[in-house]
Structure formats: structure tokens, C-alpha cells
**Student:** 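Pasting a structure below so you can have a look.
Just the heavy atoms: all of them, side chains too, but no hydrogens, waters or symmetry mates, feed the values below. Order of the sequence lines sets the chain letters (A, B, ...), proteins ahead of strands, with each chain counted from 1. What you see is a predicted model; the values in this text were computed from it and never measured.
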There are 2 protein chains.
Amino acid sequence: MITKMRAKTKLRKKPDKLWSLDEISQFLSQQGIRPSFHRLKVFEYLINERTHPTADEIYEVLKKEIPAISRATVYNNLRLFLEKQIVQLLNVEKNEARYDATLSWHGHFKCLGCGQVYDVGIESLKLSWLDNYQVLEKHLDLKGLCPSCRERNKFKEQEGLNG
Amino acid sequence: MITKMRAKTKLRKKPDKLWSLDEISQFLSQQGIRPSFHRLKVFEYLINERTHPTADEIYEVLKKEIPAISRATVYNNLRLFLEKQIVQLLNVEKNEARYDATLSWHGHFKCLGCGQVYDVGIESLKLSWLDNYQVLEKHLDLKGLCPSCRERNKFKEQEGLNG
DNA sequence: GTTAAATATTATAATGATTACAAAAATGAG
DNA sequence: CTCATTTTTGTAATCATTATAATATTTAAC
């Protein structure tokens, strides 16, 4: 039963194959970005983990492997990736900039219980008027509770229904 | 021709009737919020102007009429309105919290030229999976150029197409 | 491979929006 | 009116991010 649900709900899907540093290096070069080591590692984290991390999460993780890395380096490189438009910035939550290396059109769901950000597929979206407007960015951001956090909070949820 | 286009594109629609302070006072009381004077004025600005202002924009405007008002008061009351869920917070842009007293489901378009935020009607939205997720907030945020800023930038736009 | 020029990284200071705090003012109940 | 509660004020503190200047690394030319 649970297994079935899990199969239906595609959470945090990791890519089928992880990118090697060589592939990332090639990719960055193609985009006119010099593939320095720290830069490669920041992009590697984004593209292979796909957890929509904050700058600080990336910093904390990379610091374990590269103790000399500086927080500013992470910020600098994320800013560069945004300028070169190979990653997008998520403002799901105020004061919590997150980064996503997947650029195809999809939405995001942030669980207010566990803090995770999930990708959401968008089948269709129809807006009532936008003629003559030039749309350069689209963001669909949802917030709420994921199934497991919802389960954990069931009591409160039922309380809410009554009171 | 232009008139026709304007008629079709409903920008920044002001409400048909403006709310009086009395009506706002009643409304806040209904919501369990004591209608202090500064509080009324902050809500009045949100509900009658509907420009999705930042806290600072509200502060700057109200200061003209109420020189003694404090920036903290504006922030305090906006926070209260959010807690009581009579306004929503917009994170269209990082480090630019905006407030909206319209709670019905609609999107937002921020013009990167003039900075204005327009309401966007949503006719339909279909997500590919969200069973068992409890959605508490939905935000659709667009960015780009509004028709007049687009016109002003036409040269650059055409340059972009060629280069 | 050396050297010079350009770029990247580092550590730290600065910024800016927002929040916290404590004192003063305003409001409401009795 | 008087006391208790709430609101407002002004300022200090916070926190994520950016700016800065010095150092290190990389690249290209020779």
C-alpha cells in the first residue's frame, strides 16, 4: 500500500545518471564559464543532489570535503551561474534563497514541516490575459505539508477542523 | 487601437469602491484585530491602493500624512495581518517582501523595467501529482516586461534576437 | 618552464531589510 | 479617574548577502 503510494508520488527524483566532474567541466566551458575546482564542486552539488539547497547548505556540505573553501566562493559562483543562466533562483520562502540547476518549467512545493523542497510537475497553466507582456521568468511555489509530515500532524489537523 | 488594447488588458484594477475607515474598522474587529488608527491606515493603503507595496513604500506614504509614524509600526502591523491571515506575503523578488490584501487565487507579474507588480488572472492550473500533500499556500510569480516598458526597450529586444 | 596578466578565492567589513527590545503613549474596563 | 493591557516608538541587534582588498591560482606568451 505504502509502496504503491511511493511509486506514484515521484519525490526528489535524482537524475538517472550522475554527472562526472569531466562532464560538468565540459558543460561549464561550453557556457563560457571557466571550470575552476570550487566552481565545479558547487555545480556538481546542484546538478547531482537536486535538493534545491541554500548557499549555506552547499557551503556546509562542501566544507567537509574542502575545508579551505570560503562561503564567499559559494556565493560568488552561484551568482555567476545565475548571470550565465545555467541555474535558477527560487524565492519560495523569504530570506531563504535556493538554487536549482533544472531549468525546465516545473513548480516547487516546500513542506513547512520538514523544510524539504519538492519538484512539482505542471501539466497545464492558463492565464487570463498576458498579451503584449514579455514573460521572462515563471515560478509556481506551493507550501504546505508533505504526506509524512501531515501524518505526524494528524491530531492538529483534526483539531483545526473542529475548532 | 491602443485604447482597445488597454481595454482588454486589465492592469492594476482598483476596487470598484474604496473602503472607508469605518468599514475597515468593522472588518478588523470581525477578524479579532483591534482597530488602532495606524493599523487602520496601513490596511487602508493595502486594500484601497492594491499596488502590492513593500513595507517601506507604505511607511514613506503614510509618513506624509502621519509624520510621527514609525517604520516599526508598519512592520508590526503587517506581521499581525499575516498572522491573522487577512493579507498575503509576496516573494516575487528576493529581498523585496510585498503585501497583498486580496486573498483570492491569482498570480503576479513583476515588470523588470518599471518595477510594478500586476495581478494576473489564472484560468486553470493542473499539477501532475499532489495526492496526499496538503497545500496551504499557492504562489504564481512571473517576471518580464510590461507592454510600455517593452516598447521602450524594443531596440534591445531586437538586438537580442540577432546576437 | 618563467613570467606577466587575468581571474578566482579568501577573510573580513559593510549593507540593508527585518526583528527584538525596552520605554513611552494610548486605549479600554471597571 | 485609575489600573492593566495593548500599541507605538526609537534604537540596537540579527542575518543573509555583497563589497572589498589582499592573496593565490590559472592562463597565455615567450
**Student:** Once you round it to whole Å, what is the distance between P of D:dT18 and CG of B:Asn95?
**Tutor:**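 From B:Asn95 CG to D:dT18 P: 8 Å.
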**Student:** Is it the case that the ring center of B:Tyr75 lies less than 6.0 angstrom away from the ring center of B:Tyr59?
**Tutor:**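 They do not qualify: ring centres at least 6.0 Å apart.
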**Student:** Please determine if a side-chain N or O atom of A:Arg79 lies less than 4.0 Å away from the OP1 or OP2 oxygen of D:dT17.
**Tutor:**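 No, because none of the side-chain N or O atoms of A:Arg79 sits under 4.0 Å from OP1 or OP2 of D:dT17.
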**Student:** Quick check for you: among C:dT10, D:dT9, C:dT19, whose closest atom lies nearest to any side-chain atom of A:Thr73?
**Tutor:**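 Nucleotide nearest to A:Thr73's side chain: C:dT10.
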**Student:** Can you measure A:Lys63 atom NZ to C:dA11 atom P for me and round it to whole angstrom units?
**Tutor:**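 Roughly 11 Å, once rounded to whole Å.
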**Student:** Ignoring backbone atoms, establish whether A:Ser70 has a side-chain N or O less than 4.0 Å from OP1 or OP2 of C:dT9.
**Tutor:**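 Indeed not, no polar side-chain atom of A:Ser70 lies that close.
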**Student:** Rounded to whole Å, please give me the gap between CZ in A:Arg71 and C1' in D:dT17.
**Tutor:**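 Nearest whole value for this atom pair: 11 Å.
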**Student:** Establish, with yes or no, whether the OP1 or OP2 oxygen of D:dT9 is under 4.0 angstrom from a side-chain nitrogen or oxygen of B:His38.
**Tutor:**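 Result: yes.
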**Student:** Please determine whether a side-chain nitrogen or oxygen atom of B:Tyr75 lies at a distance below 4.0 Å from atom OP1 or OP2 of C:dT19.
**Tutor:**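 For C:dT19, neither OP1 nor OP2 has a side-chain N or O of B:Tyr75 closer than 4.0 Å.
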**Student:** Report yes if the distance between the aromatic ring centroids of A:Phe43 and A:Phe81 is under 6.0 Å, otherwise no.
**Tutor:**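 Aromatic pair counts; centres sit under 6.0 Å.
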**Student:** I need the CG-P distance between A:Leu40 and C:dA8, as an integer number of Å.
**Tutor:**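 Distance check: A:Leu40 CG to C:dA8 P gives 12 Å.
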**Student:** Would you kindly give the CG-to-P distance between A:Leu62 and C:dT9, to the nearest whole Å?
**Tutor:**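 Whole-Å distance recorded here is 12 Å.
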**Student:** Any side-chain N or O of A:Ser36 below 4.0 angstrom from OP1/OP2 of D:dT26?
**Tutor:**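 It does not, given that no N or O in the side chain of A:Ser36 lies less than 4.0 Å from OP1 or OP2 of D:dT26.
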**Student:** Rounded to the Å, how far apart are A:Lys94 NZ and D:dT14 P?
**Tutor:**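 My rounded result for the distance is 17 Å.
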**Student:** Tell me which nucleotide among D:dT7, D:dT26, C:dT10 gets nearest to the side chain of B:Arg34.
**Tutor:**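 Among the listed nucleotides, the one closest to the side chain of B:Arg34 is D:dT7.
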**Student:** Please identify which of these residues, B:His52, B:Arg50, B:Gln88, meets the side chain to side chain donor-acceptor pair (under 3.5 Å) condition with B:Thr102.
**Tutor:**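 The option that passes is B:Arg50.
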**Student:** Using whole Å, what does the distance between atom P of nucleotide D:dT17 and atom CG of A:Leu78 come to?
**Tutor:**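 Taking atom P of D:dT17 as the reference, CG of A:Leu78 is at 9 Å.
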**Student:** Determine whether the aromatic ring centres of residues A:His139 and B:His139 are separated by less than 6.0 angstrom.
**Tutor:**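 They do not qualify: ring centres at least 6.0 Å apart.
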**Student:** Checking contacts here: which listed nucleotide (D:dT8, C:dT18, C:dT9) is nearest the side-chain heavy atoms of A:Asn76?
**Tutor:**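 In terms of side-chain proximity for A:Asn76, the closest of D:dT8, C:dT18, C:dT9 is C:dT9.
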**Student:** Any side-chain N or O of B:Asn77 less than 4.0 Å from the OP1 or OP2 oxygen of D:dT8?
**Tutor:**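 Yes, because at least one side-chain N or O of B:Asn77 sits under 4.0 Å from OP1 or OP2 of D:dT8.
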**Student:** Taking CD from B:Glu93 and P from C:dA17, how many angstroms apart are they, rounded to a whole number?
**Tutor:**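 So the CD-P distance, B:Glu93 to C:dA17, works out to 13 Å.
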**Student:** Can you measure from CD (B:Glu83) to CG (B:Leu78) and round to the nearest 0.5 angstrom?
**Tutor:**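 If we round to the nearest 0.5 Å, B:Glu83:CD and B:Leu78:CG are 11.5 Å apart.
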**Student:** If you pin B:Phe37 and B:Tyr99 to their nearest nucleotides in DNA chain C, which one's is more 5'?
**Tutor:**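 Nearest nucleotide further toward 5': that of B:Tyr99.
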